[in-house]
Number of protein chains: 2
Amino acid sequence: MNNPTFRNWQSVQKEVLRRIHAREWPPGELIPNEADLAQEFGCARTTVNRALRSLAESGLLDRRRKAGTRVASQPVARATLDIAIIRADIEDRGQKYGYQLIEREEVIPPISISAAMAVETTQTLLHIRALHLADDVPYALEDRWINIQIVPSAAAESFKTVSANEWLLAHVPYTHGEIAFSANSATQNQSMTLNCPEHSALFTIDRLTWDNDAAVTKVCLLFAPGHQLRTVL
Amino acid sequence: MNNPTFRNWQSVQKEVLRRIHAREWPPGELIPNEADLAQEFGCARTTVNRALRSLAESGLLDRRRKAGTRVASQPVARATLDIAIIRADIEDRGQKYGYQLIEREEVIPPISISAAMAVETTQTLLHIRALHLADDVPYALEDRWINIQIVPSAAAESFKTVSANEWLLAHVPYTHGEIAFSANSATQNQSMTLNCPEHSALFTIDRLTWDNDAAVTKVCLLFAPGHQLRTVL
DNA sequence: CAGTGGTCTAGACCACAGG
DNA sequence: CTGTGGTCTAGACCACTGG
């Protein structure tokens with residue numbers, strides 16, 4: 001049984017993947033415990049643990065103390081998306097980045113915004129609207145609210161040349177956030193700004209960013225028609 | 001220096017996060033090496049490694065041999081999406097799942113499909129169109145192509161009661177895939193099936209699944225207006 | 001070439017939860 | 001209560017890569 005072929009966790013993982021894939025270990029099946037696998041593979045239990053833990057993180061295995069390790073019966077596809085700064089996205093594709101500030105105002109937001117950001121309905125927020133361009137063509141429309149009580153330094157920024165998207169990521173820390181992807185129909189105003197037909201289907205990212213229970217910023221990004229967000233599984 | 005507070009990798013990670021967050025280690029900064037941190041925290045280097053590796057995987061740190069570990073200067077937001085079986089998605093929200101097969105045929109696909117799936121232009125594929133419902137309301141429209149040379153058992157499935165979405169995940173292994181999210185305008189046909197206005201903005205998932213360089217299936221999922229895909233950061 | 005992260009090992013103790 | 005995964009340790013060697 002002592003198989004000298006598996007000397008590192010990657011090779012162990014590869015072999016485990018092979019067995020799952022070949023249905024030697026079918027979905028839902030209990031696989032041998034770490035100690036047994038370590039003996040079979042001729043390596044330390046730590047190494048087996050590393051391989052299996054990694055597979056569990058990607059959703060292929062289901063591990064529970066005492067219950068052991070099972071092949072996931074419904075293999076969830078876990079996609080990892082990297083949401084970068086818009087400028088970086090554009091430049092990575094070799095296009096020229098452009099930026100235009102449309103509006104900047106400090107106002108009391110609609111109830112829907114103050115509620116989502118958990119601020120008093122009477123509190124003033126900084127409202128920014130801006131357009132991102134790729135090779136001089138409209139790329140994305142940014143509509144953002146910033147909590148200037150939490151980020152007072154934002155009040156001094158004009159955001160005329162640096163987008164709020166970029167400035168915030170570089171200057172303001174956050175602890176966690178929520179993000180939602182959806183599709184929205186372009187309003188007349190939006191379609192004019194993005195230079196597309198009215199009612200075009202726009203890929204949309206809504207994002208709410210928190211710093212320890214205080215909302216930092218809420219942003220809605222509307223991408224020009226045709227935009228895709230891609231990743232591998 | 002020997003601080004007895006940090007006994008496990010989670011607490012080490014938490015402290016590192018605190019320092020990043022408090023800008024004690026600003027973006028781009030080189031942080032102490034593992035051995036030094038281990039001494040400071042009073043734990044083994046392995047434990048520090050575990051904490052830092054995990055942060056690097058989530059994009060907060062940038063690690064390179066010899067060069068050391070740096071705080072990411074452009075913290076990429078890395079969102080993890082779980083793409084489950086549609087039925088599971090609906091039932092998890094306490095709704096009743098429904099399924100209707102619209103069309104099932106074995107035909108030679110359009111060039112765009114055969115090219116994407118890297119099959120001969122003359123090869124017949126299984127084409128499935130189906131509707132998923134939540135509480136009897138249209139939820140998503142599935143348009144799928146299956147490579148019956150790779151999955152011959154699919155040719156014997158009627159897909160009248162079990163969706164291809166679910167059947168494939170349970171019966172057909174795959175090694176990797178590509179996924180893309182976008183927004184599309186509903187065609188007249190689509191809008192009738194989904195019972196929504198024509199030209200509605202539909203959230204779209206395109207997915208191509210491979211088994212070792214052979215395409216298994218290509219699917220386009222069009223979700224009814226209002227659908228959101230959510231996750232946390 | 002030398003410093004850094006990447007990994008392996010053997011052994012140990014612990015936390016959790018199934019039976 | 002007991003088996004399983006989760007983790008820590010100390011020490012070691014290795015792989016990569018910056019200077």
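Chain letters run A, B, ... following the sequence lines, proteins first, then strands; residues in each count from 1. We use all heavy atoms of the structure for the numbers below, so side chains are in, but hydrogens, waters and symmetry mates are not.
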Engineer: Of all the nucleotides listed (D/dT9, C/dC16, D/dC8), which has the minimum atom distance to the side chain of A/R65?
Structural biologist: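 Of the candidates, C/dC16 comes closest.
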
Engineer: Within this structure, what is the CG-to-P distance between B/L55 and C/dG5, rounded to whole angstrom?
Structural biologist: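 After rounding, the reported distance stands at 14 Å.
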
Engineer: Name all residues meeting the side chain to side chain donor-acceptor pair (under 3.5 Å) criterion together with B/T204; count only those two or more places apart in sequence or in a different chain, and write none if there are none.
Structural biologist: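 B/T204 satisfies side chain to side chain donor-acceptor pair (under 3.5 Å) with B/N184 only.
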
Engineer: Any carboxylate oxygen within less than 4.0 angstrom of a Lys/Arg side-chain nitrogen, looking at A/E57 and A/R78?
Structural biologist: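 No salt bridge links A/E57 with A/R78.
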
Engineer: How long is the line joining CZ of A/R63 and P of D/dG3, in whole Å?
Structural biologist: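 Spelled out: CZ on A/R63 to P on D/dG3 is 18 Å.
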
Engineer: If you only use heavy atoms from C-beta on, which nucleotide in D/dT7, D/dA10, C/dA10 is closest to the side chain of B/T46?
Structural biologist: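 Of D/dT7, D/dA10, C/dA10, D/dA10 is nearest to the side chain of B/T46.
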
Engineer: With nearest nucleotide decided by heavy atoms, which residue, B/N49 or A/K66, maps closer to the 5′ end of DNA chain C?
Structural biologist: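 The residue whose closest nucleotide sits nearer the 5' end is B/N49.
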
Engineer: Without decimals, in angstroms, what is the distance between B/E34 CD and C/dG5 C1'?
Structural biologist: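 These atoms are roughly 5 Å apart.
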
Engineer: Counting heavy atoms from C-beta on, name the nucleotide in C/dT9, D/dT7, C/dT7 closest to the side chain of B/N8.
Structural biologist: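 Of C/dT9, D/dT7, C/dT7, D/dT7 is nearest to the side chain of B/N8.
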
Engineer: Please tell me whether B/F159 and B/W167 form a close aromatic pair, meaning their ring centres lie under 6.0 Å apart.
Structural biologist: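 Yes, ring centres under 6.0 Å apart.
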
Engineer: How many Å lie between CG on A/D36 and P on D/dT4, as a whole number?
Structural biologist: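 Between P of D/dT4 and CG of A/D36: 8 Å.
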
Engineer: Check this one for me: any side-chain N or O of A/Q10 less than 4.0 Å away from OP1 or OP2 of C/dG6?
Structural biologist: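 Negative; the distance criterion is not met.
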
Engineer: Heavy atoms under 4.0 Å, any strand shown: does B/T47 hit a base, just sugar-phosphate, or nothing?
Structural biologist: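 Answer is sugar-phosphate: B/T47 comes under 4.0 Å of backbone atoms only.
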
Engineer: Figure out the CG/P separation between A/L61 and D/dT4, and round it to whole Å.
Structural biologist: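 Atom-to-atom, A/L61 to D/dT4, this comes out as 16 Å.
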
Engineer: Let me know the distance between CZ of A/R50 and P of D/dT7, rounded to the nearest Å.
Structural biologist: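 Whole-Å distance recorded here is 12 Å.
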
Engineer: Between D/dG18, D/dT9, C/dG18, which nucleotide gets closest to the side-chain atoms of A/A67?
Structural biologist: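 Comparing D/dG18, D/dT9, C/dG18 against the side chain of A/A67, the answer is C/dG18.
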
Engineer: Using the ring centroid of each side chain, check whether A/F203 and B/F181 are separated by less than 6.0 Å.
Structural biologist: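 Ring-ring flag for A/F203/B/F181: false, centres at least 6.0 Å apart.
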
Engineer: Check the phosphate of D/dG18 against B/R64, side-chain N and O only, distance under 4.0 Å to OP1 or OP2. Yes or no?
Structural biologist: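 Yes.
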
Engineer: Hey, which sits more toward the 5' end of DNA chain D by its nearest nucleotide, B/W9 or A/I31?
Structural biologist: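 The residue whose closest nucleotide sits nearer the 5' end is A/I31.
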
Engineer: Has the side chain of A/R45 got a donor or acceptor that lies under 3.5 Å from a partner of the other kind on the base of D/dT7?
Structural biologist: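 Yes.
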
Engineer: Rounded off to whole Å, could you give me the CD-to-C1' distance for the A/Q39 and C/dG11 pair?
Structural biologist: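 Interatomic distance, CD of A/Q39 to C1' of C/dG11: 16 Å.
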
Engineer: Take atom CG of B/D62 and atom P of C/dG5, then tell me their distance rounded to the nearest Å.
Structural biologist: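 Between P of C/dG5 and CG of B/D62: 12 Å.
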
Engineer: Would you say the rings of A/H227 and A/Y139 are close, in the sense that their centroids are separated by under 6.0 Å?
Structural biologist: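 Yes, ring centres under 6.0 Å apart.
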
